[in-house]
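What follows is one structure encoded as structure tokens, with my remarks underneath.
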There are 2 protein chains.
Amino acid sequence: MELDNLDIKTLTLLCQRGRMTWAELASQLGLSAPAAADRVKRLEERGLITGYSAQLDAEALGLTLTAFIAVTLDQPHHREGFLAEVQATAEILECHHVTGDDDYLLKVRCCHTRALEALITHRIKAIAGVVKTRTLIVLSTVKETQTPPLGHLKES
Amino acid sequence: MELDNLDIKTLTLLCQRGRMTWAELASQLGLSAPAAADRVKRLEERGLITGYSAQLDAEALGLTLTAFIAVTLDQPHHREGFLAEVQATAEILECHHVTGDDDYLLKVRCCHTRALEALITHRIKAIAGVVKTRTLIVLSTVKETQTPPLGHLKES
DNA sequence: TCCATGGCCTTATTTTAATAGGTGAATGTG
DNA sequence: CACATTCACCTATTAAAATAAGGCCATGGA
């Protein structure tokens, strides 16, 4: 059940062009279309590929404001409510439990500073147990990819 | 050139299932397949959809370690080299210029703590101008989506 | 040596995508 | 008010892609 270099190339190509046809993929891999489709199917079944997604331009959609919010929770019994609210809030794209001074790090996206204010004061700070937040506004984004590094898997 | 509710639903559906067929999409929208395909094509041409991507399971690929690294740069003339290195490093998934005590916030992903150590000491701290880094290790991830909030666009 | 397995090939069939042509509602204009 | 234009959509057709079937060959184990 190891990954060979063609599998890695497959993953790389499908991260770049998620809707490419099997024939296109196959020609890049030097295989026939059914063979390429088989490989992709296997990668899906193994859980390495979890799905496919359209990539949207957040700015074009009016989501010009991105921020990271560090959250401190006072008591562990407040966690459940916090996590539920995080899941229910579309503006919260990511929520990680992290080491350091704060407990959670959120990545959020919204349209205005006013919307950010509403998000922080009416949603996040309204959650029971949230005792402190610290917000970092994103001024510009240099790089933003979802494609994980695959170099460490290469054989030979 | 406004977005109607069908466009928003289209974006939502394509974020969830990026390889769905036009016929599937059309039935969810209550349209014919060519009409749905036309709408998607227009969304692509307008730049709202920038592409499609396979979603990979980072853990299944052995990338069990995620971290955020805050970087402080001492002088503005070092920026160019820093940005180039960021682009060239696959382990750095994101790099944002942020407000606050530090200049940049990186999101990185790698396999071990050893790989993280190598990344920090041999790549990031090796860049001219990097005077300070502060690392937050991700203990667990509660939520991690790429799909931006679209509720603010809904009409009626 | 022989058999089983796995990955790939080619071919055939089914499904999907792309294209063309036409209809009706909404809009703007003589 | 009549008319032309535009736009989004439809259906029908054609081209392309996905899927399924059957066979080949290399690899590994009994």
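First the proteins, then the strands, lettered A, B, ... as listed; each starts at 1. Keep in mind it's a predicted model, so treat the numbers as computed, not measured.
In terms of position on DNA chain C, the residue among A:R39 and A:R19 whose nearest nucleotide sits closer to the 5' end is A:R39.
As rounded to whole Å, 16 Å separates atom C1' of C:dA17 from atom CG of B:L31. Taking atom CG on B:L6 and atom P on D:dC7, their separation rounds to 18 Å, with Å as the unit. Protein atom CG of B:D38 is 10 Å distant from nucleotide atom P of C:dA18, rounded to whole Å. Counting to the nearest Å, the C1' atom of C:dG7 and the CG atom of A:D4 are 10 Å from each other. Whole-Å rounding puts the A:E2 CD to D:dG28 C1' distance at 18 Å. As a whole-Å value, the separation of B:M20 CE from C:dA17 P is 10 Å. Across the protein-nucleic acid pair, A:L25 atom CG and D:dA18 atom C1' stand 13 Å apart, rounded to whole Å. Atom-to-atom, CD of B:E44 to P of C:dA17 comes out at 13 Å; the value is rounded to the nearest Å.
Of the candidate nucleotides C:dC8, D:dC9, C:dT10, C:dT10 has the atom nearest to the side chain of A:P34. In this structure, the nucleotide among D:dT11, C:dA17, D:dT19 sitting nearest to the side chain of B:T21 is C:dA17.
For the atom pair A:F82 CZ and A:Q75 CD, the distance stands at 15.0 Å (nearest 0.5 Å). Distance check: B:E117 CD to B:C110 SG gives 11.0 Å after rounding to the nearest 0.5 Å.
An OP1 or OP2 oxygen of D:dA16 is reached within less than 4.0 angstrom by no side-chain nitrogen or oxygen of A:W22. Taking only side-chain nitrogens and oxygens, B:S32 never comes nearer than 4.0 Å to OP1 or OP2 of D:dC9.
Heavy atoms of A:A35 sit under 4.0 angstrom from primed sugar atoms or phosphate atoms, though from no base atom.
Hydrophobic clustering, with ILVMFWY side chains joined whenever heavy atoms are under 4.5 angstrom apart, keeps B:L63 apart from B:V138. Criterion: ILVMFWY side-chain heavy atoms under 4.5 Å apart, direct or through other members. Under it, B:L119 and B:L93 are not part of a common hydrophobic cluster. Following chains of ILVMFWY side-chain contacts shorter than 4.5 Å, one can reach A:L14 starting from A:L29, so the two form part of one hydrophobic cluster.
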